Structures are given as structure tokens and as C-alpha cells.
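Notes to accompany the following structure.
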There are 2 protein chains.
Amino acid sequence: MPPADPVPAFHAHDHAQCSDSMLARAEALAAERGVRLTPVRRRVLELLLEQHRALGAYEVLDRLAAEGFGRQPPVAYRALDFLVEQGLAHRVARLNAFAACMHPGEPHAPVFLICRSCNAVAEAGGDSLRRALEVEAATQGFAVERSSIEALGQCSACRGAAA
Amino acid sequence: MPPADPVPAFHAHDHAQCSDSMLARAEALAAERGVRLTPVRRRVLELLLEQHRALGAYEVLDRLAAEGFGRQPPVAYRALDFLVEQGLAHRVARLNAFAACMHPGEPHAPVFLICRSCNAVAEAGGDSLRRALEVEAATQGFAVERSSIEALGQCSACRGAAA
DNA sequence: CTTGACACGTTACGTTATTACATACATCTC
DNA sequence: GAGATGTATGTAATAACGTAACGTGTCAAG
């Protein structure tokens, strides 16, 4: 269970360590669910974790092709779809891109904070937001199944740099 | 100023009347701001209002072409961009589509409730959500500039029909 | 009547995503 | 192990979405 502190994307942290720990959790979840974290799928997740930002499908595809995997779009899209289905990654519609999930295994409504300067994508916890959304939807008799909240703005580092 | 009751998309209501009233408000806003609600732009807004759902750019374009307007993508995109800039329509990233705004002139973070059965798109008020989002973002030092909240699920009518 | 700003239209192109089908690989059964 | 079955990977081709660049028309201001 992750600590309740702020998600790391906009904070100094050890990428290698957070990647490793997320990968380990992904392996565990896959085993638990009886699905296969194959080499392509695993490599795509690694790429998303390494970069720590949202990557376009074709960006992922280029990396895969360079590493000897297939070079046609479905190769990337299938791996990305798998990760999204398994809750190991999220789609960031606003950017036509994908980012690793920082809370795999926990049900949550992703809240993306997208820095327009450095393109980093932080994923906020957002349980209060999820509840607020469900309340709002309920007043219209609407049953929420999946939701995503995307905010465009500037992270603290870039605001500091701009000032 | 719109009443504080639920937005009409998932309720029985007089489409013609709500379209007319939104169009009138659009005209007023355009005049107030010194921008031009030209025939193409106005027609696109009418289309969005008539359908009362999110329309893809090419869907809009087909209608325009059939009615004697231009038949190239920029014709539709420019009109849609204009409407979005003026706050008369919103982009629904999840669907690569556009929907008329039901609260033109009021600053607000759009909250879309997208029915996966009938494709209707309701726009909830969401001021409490906007505030919750800003609080959440602030804990990470992130300054929100624009945001959108999109929920996929089923509206009350379709849930009734399914049951 | 000219000028300048804006809107509209077109061609051409770039990016993102899917369909359809063939091949390889793992797993289970015998 | 050999064969059957389901899943994953790979390919080619194309659809869907979006933008850049440029020319023409319109209209109000000077």
C-alpha cells in the first residue's frame, strides 16, 4: 500500500527505485490475475515508468521497433491496451498519450496534472474527487463506470523557472 | 442565468426550445464580445444543439458539405475551435468529439457524463468538483489552468431500458 | 476607393488508431 | 512427445482525426 504522501512526479525521487517497485507490483498483479506480462508488455510498462511522462503510441512503437519488436502500430496499441485494462497504465486523452499508473491495484479515478511546460504527468490520488463526481452524476441518475480528470497547467518547478 | 436544476440532457425536455435559447445567448455573447457568429459557425452550433450529443468533426463536416458549405476539414475545425474559444462548445477528448456548452458565458470546469449506450453527453455543473480539483492540485504545487472531467457510464434512461 | 483584418475555401500532408489476416508460442490433453 | 486450443505477436493496408500553408472574398475604417 503506497503512503498517503504526494505522488512523486513533481518531486525529487529515485526513478529507478520507483520503476522497480511498480514493475514488481505489476508482476505480482499479473500473476494474481492469471494474465501474462509478456516481454513487449513489460517493456512498454518500463518505458512509461522510465520516462515518467505520457508517451504517444508511436513514440512507444519507435522504441519497440529499435529494440527488435514489431514495427506496426497494433504492436504498441495492443500492449498499451493491455496495460490500461489491467490498470497498470492510463490513457491521457487530452494528449493522445499513455502514462504508467502510480496506484496499480487500487481502484481509483485517475487525476492527471499535466505540465504544459515540461510535459510531466503527475497522477493525483483523488478519492475525494471521485466521490464528488459520483454525487454530481447521481443527481442526474447517471451511473459512472470509468472516469478521468485531466488538468492542464504548470508544475511548481516550471513556475519557479518561469518566474 | 440558468436555473440550478439538473442539466436537461438526460431528462425529457423541449429540444427546440433549449436550442433556441442557447442560440439566443450565443448571439448575445458574440455581440457583447465583438466577435462574429457567422453562418458556418452558427450552423455548427445549431447542429451540436440539435443532436444534443457529442459530434465528431467529420460528422459536422459532412452536414456542412451537404448544405453547401466547404467540404474540407479546416472548415469544420475552424468553426468548432471558434465555438470552443468562445465557450459555446466543449471538446470531449475521450470521444474526439465536440458538444454544445449548456452554460455559455459562465466560467466553469466542464463535467461530462457520457452515456456509452446512447452517446448522449450531459454537462454537469461541477463547481464543487472544480474546487476539489484545485485543492488536490495545490498539494503538489500545481497550478490548474484548464481542466476537464469526463465520466463514462450509463444514463438513467438506458439503465432502465437494459433492466 | 484603398487598405487591412478577418473569415472562408482549397490542396496537401501529418498524426493517431483500427481492421483483417497470418504466424508463432504457450498450455493442456492424451 | 504429438496434437489441439487459445492467446500473443507480427504484418499490410486503411480509416479517422487533425494541421499547415496559401489564395480569395467580404466588409468596415480611414
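Remember, predicted model here, so these are calculated numbers, not experimental data. Throughout, protein chains are lettered first and strands after them, A, B, ... in sequence-line order, and every chain is numbered starting at 1.
- Aromatic ring centroids of B/H90 and B/F112 lie under 6.0 Å apart.
- A salt bridge is absent between B/R33 and B/E85; no separation between the charged side-chain nitrogens and carboxylate oxygens falls under 4.0 Å.
- Considering only heavy atoms from C-beta on, A/C18 comes within 4.5 Å of A/H52 through its side chain.
- A salt bridge is absent between A/E59 and A/R63; no separation between the charged side-chain nitrogens and carboxylate oxygens falls under 4.0 Å.
- Within the 4.5 Å cutoff, the side chain of A/R130 has no heavy atoms near those of the A/H108 side chain.
- Residue A/L64 contributes atom CG, which lies 11 Å from atom P of D/dT11 at whole-angstrom precision.
- Put simply, CZ on B/R41 is 11 Å from P on C/dC6, counting in whole angstrom units.
- At a threshold of 4.5 Å between side-chain heavy atoms, the hydrophobic network of Ile, Leu, Val, Met, Phe, Trp and Tyr places B/V135 and A/L133 in two separate groups.
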Protein-nucleic acid N or O pairs under 3.5 Å, nucleotides 22-28 of chain D:
none

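- The pair A/E50-A/R43 meets the salt-bridge criterion, with a side-chain N (NZ, NE, NH1 or NH2) lying under 4.0 Å from an Asp/Glu carboxylate O.
- Atoms CG (B/L61) and C1' (D/dT19) sit 14 Å apart, rounded to a whole Å.
- Rounded to whole angstrom, the span from the CZ atom of A/F69 across to the C1' atom of C/dT23 amounts to 17 Å.
- Taking atom CZ of A/R71 as the reference point, atom P of D/dA13 lies 16 Å away to the nearest angstrom.
- B/V44 and B/L23 end up in the same hydrophobic cluster when Ile, Leu, Val, Met, Phe, Trp and Tyr side chains are linked at under 4.5 Å.
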Enumerate all atom pairs, one protein N or O and one N or O from nucleotides 13-19 of chain C, separated by less than 3.5 Å.
from   : atom 1 : to    : atom 2 : distance (Å)
C/dA17 : OP1    : A/R91 : NH2    : 2.1
C/dA17 : OP2    : A/Y77 : OH     : 2.8
C/dA17 : O5'    : A/Y77 : OH     : 3.2
C/dA17 : N7     : A/Y58 : OH     : 2.5
C/dA17 : N6     : A/Y58 : OH     : 3.3

